[in-house]
Amino acid sequence: EDQVTQSPEALRLQEGESSSLNCSYTVSGLRGLFWYRQDPGKGPEFLFTLYSAGEEKEKERLKATLTKKESFLHITAPKPEDSATYLCAVRTPFGNEKLTFGTGTRLTIIP
Amino acid sequence: GAVVSQHPSWVICKSGTSVKIECRSLDFQATTMFWYRQFPKQSLMLMATSNEGSKATYEQGVEKDKFLINHASLTLSTLTVTSAHPEDSSFYICSARDLTGGSRETQYFGPGTRLLVL
């Protein structure tokens, strides 16, 4: 059974304090690891997709990396508007290629 | 990125009534859409996969007769919660699979529908 574990569950940072969120996964045949951002009361917003170990993608203050067992979302010099829940999901070739989500990391950036 | 809309954004209904939620892909065609349910401070739980022109595939434990799914076109899927009860109150989110990237597809999510059953 595919498993996705995110840590920490919650993270509070001062504005400008860089950190990383972790997503560990156990799947049979990874066909993409996805990062989404979700604000309260809204649907998830797509950030990145990573497909193979060693791949990296960046967007503004966010950088996502992938190894064979985990992915990191690095946040550099975060701002209060980066506060959100960050969700990690994996896609496999099985079961209509659905996404399996982790429980998310709730990030709070304090001004 | 691609845009997915949902309607309504929130709905309040009486116990025993049925509620229909629409999910539309606005700028791409989606042969497959997904319906999720999310409880407060929890992650998304997949309810069913909606395939255009065929029957939906439901996840284990999801009642097919209670959550009716219709994927009538390449841009529209509907979820009908039949005979709703207070325990059906939740945040329902749809997503649509954008295949324009070929094998490197992406799922885009709608803004969600908050359902409150009194």
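Order of the sequence lines sets the chain letters (A, B, ...), proteins ahead of strands, with each chain counted from 1.
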Treating Ile, Leu, Val, Met, Phe, Trp and Tyr as nodes and any side-chain heavy-atom pair under 4.5 angstrom as an edge, say whether [X] and [Y] lie in one connected cluster.
X	Y	value
B:L79	B:L68	no
B:I93	B:V19	no
A:L66	A:I75	yes
B:Y36	A:L47	no
A:F72	A:L11	no

If you round to the nearest 0.5 Å, how far is [atom2] of [Y] from [atom1] of [X]?
X	Y	atom1	atom2	answer
B:L46	A:L99	CG	CG	8.5 Å
B:S95	A:Y36	OG	OH	7.0 Å
B:L44	A:Q38	CG	CD	6.0 Å
B:F109	A:E45	CZ	CD	12.0 Å

- Task: Might you work through the side-chain contact (heavy atoms from CB on, under 4.5 Å) test for B:K41 and A:T85, ending with a clear yes or no?
- Result: CA-CA 9 Å; B:K41 296 189 177 181; A:T85 295; over 6 Å; no
- Task: Would you mind reporting whether A:K98 and B:F34 have side-chain heavy atoms less than 4.5 Å apart?
- Result: yes
- Item | A:R91 side chain near B:T106 side chain, heavy-atom distance below 4.5 Å | no
- Query: Between B:Q6 and chain A, which part of the residue has a heavy atom less than 4.5 Å away: side chain, backbone, both or neither?
  - Reply: neither
- Task: Go through A:Q6, A:R106, A:K42 and name the one with the most non-hydrogen pairs under 4.5 angstrom from chain B.
- Result: A:K42
- Item | Among the listed options A:P44, A:P40, A:G43, the residue most often paired with chain B at heavy-atom distances under 4.5 Å | A:P44
With a sphere of 6.0 Å drawn around [atom1] of [X], does it hold more than 12 non-hydrogen atoms of other residues, nucleotides or ligands?
X	atom1	value
B:H85	NE2	yes
A:R12	CZ	no
A:E9	CD	no

- Taking the side chain from B:S43 and the backbone from A:F101, do they hold a donor-acceptor pair closer than 3.5 Å? no
